[in-house]
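Heads up, the thing below is written out as structure tokens.
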Amino acid sequence: MLGLMQQWPLLCHKILDYAAIQHGSREVVTRSVEGPITRTTYAEIRVRSLKVAQKLARDGFGEGDRIATLAWNTARHIEAWYGTMGIGAVYHTLNPRLFPDQIAWIMNHAEDKALFVDLTFMPIVEKIATQVSSLQKIIVLTDSAHMPDTKLDNVVAYEDWLADADSDFAWKELDENAACGMCYTSGTTGDPKGVLYSHRSNVLHALIAVQPDAMGISSRDTILPVVPMFHANAWGLAHSAPMIGAKLVMPGARMDGEAIYELLDTEKVSFTAAVPTVWLMLLQHLEETGKKLPHLNKVVIGGSACPRAMTEKFQRIYDVEVIHAWGMTEMSPLGSLGSMKPEYAGLEGDAKLDIQEKQGFAPFGVEMKITDDENNDLPWDGETFGRLKVRGPAIASAYYGGAGAEQFDSDNWFDTGDVAHIDPNGYMEITDRAKDVIKSGGEWISTITLENLAVGHPDVAEAAAIGIAHPKWDERPLLVVVAKAGKSPSKDDLLDYLAGKVAKWWLPDDVVFVDEIPHTATGKIQKTTLRDQFRDYSLPGVEAL
Ligand code: ADP
């Protein structure tokens, strides 16, 4: 027997309609790419998104067309997204930190037909536009006064383009399973792979994200998504913030400590989210200036492991609660968040940090398991680690174009490529990426554990552990360290510091100091490059292989 309830398709533009109706005067503040702080509201954003939709439709774009964006977090970028989704087209966020040739490769693969681009990235577009044969129109997210000179055809200033639209447009009626968004993984192994979100998955992900034990946000929050919209949908915030009517503060092109602090302070931001590198810059700025964070309640940190020392500083010195989160582009992206279950109520100090070092538990909407290489389930004992697999309504069922099919099994479990253990309370801890884990004598050594411990040393700014080929053990760990400015710790300092914190056989065979560790376009340590760099490294006592 079927239920007798209404079919109400889960469509993204309903989120914006809701925000405009219930929270229409709520502000969206932007540090504009041109410089000044600008202010708009959800009601105004809805009107302008309708204009975007109207103009895209007039220009001949329609259902299923991929419309790229190469842009910072701004109100205009949100308008471009919702306008695109509102005609049944697909916003495709491009990561400007990739090499121009990679961006061109991705655009060609996605067959992007139009592009919304920020002024900052016009030099990239000048380089690649002619390589993308599908590209018909380039809309520069600015006004005519700021338009740069360009030799490219079909380029228009966003404000000029919108000027003759009146917003008298009805959102397209769509199947909730229609595609609406696209984002490519950064391709740390092989070519980038396209993840294709649907209206339904984005709406459900937004509902998953706002749950109290997930991001736990409400209309009373002021949200600063530092995490870019081109990095896995700004972790869903461009959908979940309007869904609950929170004030939004968009940081534009500036993510340095001073700029972020200024927004946190002047806009009284209560909730923010970004990768650890951003918070390193902010914490450094706070340390140098002695400033405090009186308005901020909560910070979500993920994208790579949040160092314990960072969580500790935020909570002890600045009284800001840290939520450690894990996820990936393929999961829209949230997979787990580390809020405290009642089992841990009242924990403080190190006992609380022990739990927060883990990546947290899966919210409703994410199923999780760990398996061995033969796909046998492993126990949730907090020790046994295995391949982390997930399934849920906001998790990819395939990559665009069919690449990477081996990551999806017949009952929908997606192999994340991460290695993790899960404790009896459901808290998951990532111990590695499957391709990074160090295999020593048939056992696994977690590089993340070594890195997290090493950055706890007072003189260490950043650390990366990689496996170096070893004649007897297969691989042994090498610790690559960037010292803090003005500090020069020694190998023995590091090894003494780690001793006793991990099993003896996990201790690195050597420590090298470098000026810089390479990062991927999403701010993660680029292990492949690092491994290449140290390919011929010979560990002490071992002849080079
Ligand atoms: P890409 O896969 O292209 O590097 P994603 O942003 O989708 O980009 O990265 C997802 C990966 O980032 C996860 O599979 C995981 O390895 C890593 N990651 C994300 N959050 C965390 C975290 N809190 N701790 C450790 N690793 C994390």
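For ligands, and for the atoms within them, numbers begin at 1 and follow the listed sequence.
The shortest separation from a heavy atom of A232 to ligand 1 is not under 4.0 Å, leaving the residue out of contact. At least one heavy atom of S304 sits closer than 4.0 Å to an atom of ligand 1. Within the structure, the closest approach of G303 to ligand 1 falls below 4.0 Å when heavy atoms are considered.
For the pair E287 and K484, the salt-bridge criterion is not met [side-chain N within less than 4.0 Å of a carboxylate O].
Between F361 and the choices W326, W380, Y427, the ring-ring contact (aromatic ring centres under 6.0 Å, His included) rule is met once, by Y427. Among the candidates I323, V366, D213, the single residue satisfying the side chain to side chain contact (heavy atoms under 4.5 Å, CB included) test with L337 is I323.
Remark: ligand 1 atoms within the under-4.0 Å shell around heavy atoms of H231 are 6 (O). Under a 4.0 Å criterion applied to the non-hydrogen atoms of Q359, ligand 1 contributes the atoms 22 (C), 23 (N), 24 (N), 25 (C). Contact atoms of ligand 1 toward T185: 3 (O) (distance under 4.0 Å to a heavy atom of the residue).
The proximity of A305 to ligand 1, defined as any non-hydrogen pair under 4.0 Å, involves the side chain as well as the backbone. Proximity of A325 to ligand 1, defined as any heavy-atom pair under 4.0 Å, is confined to the backbone N, CA, C and O atoms. Contacts of M328 with ligand 1, taken as heavy-atom pairs under 4.0 Å, involve both backbone and side chain. Residue contacts with ligand 1 for D418 involve side-chain atoms from C-beta outward but no N, CA, C or O (heavy atoms, distance under 4.0 Å).
Side chains of S198 and N177: a donor-acceptor N/O pair is absent below 3.5 angstrom, by distance only. Between the side chains of Y344 and D354, no donor N or O sits under 3.5 Å from an acceptor N or O.
Between H324 and ligand 1, at least one pair of N/O atoms sits closer than 3.5 Å.
Y399 and F408 have their aromatic ring centers within a separation under 6.0 angstrom.
No more than 12 heavy atoms of other residues, nucleotides or ligands shown are found within 6.0 angstrom of NZ on K127.
Distance check, rounded to the nearest 0.5 Å: CG of L450 to CD1 of I466 gives 12.0 Å.
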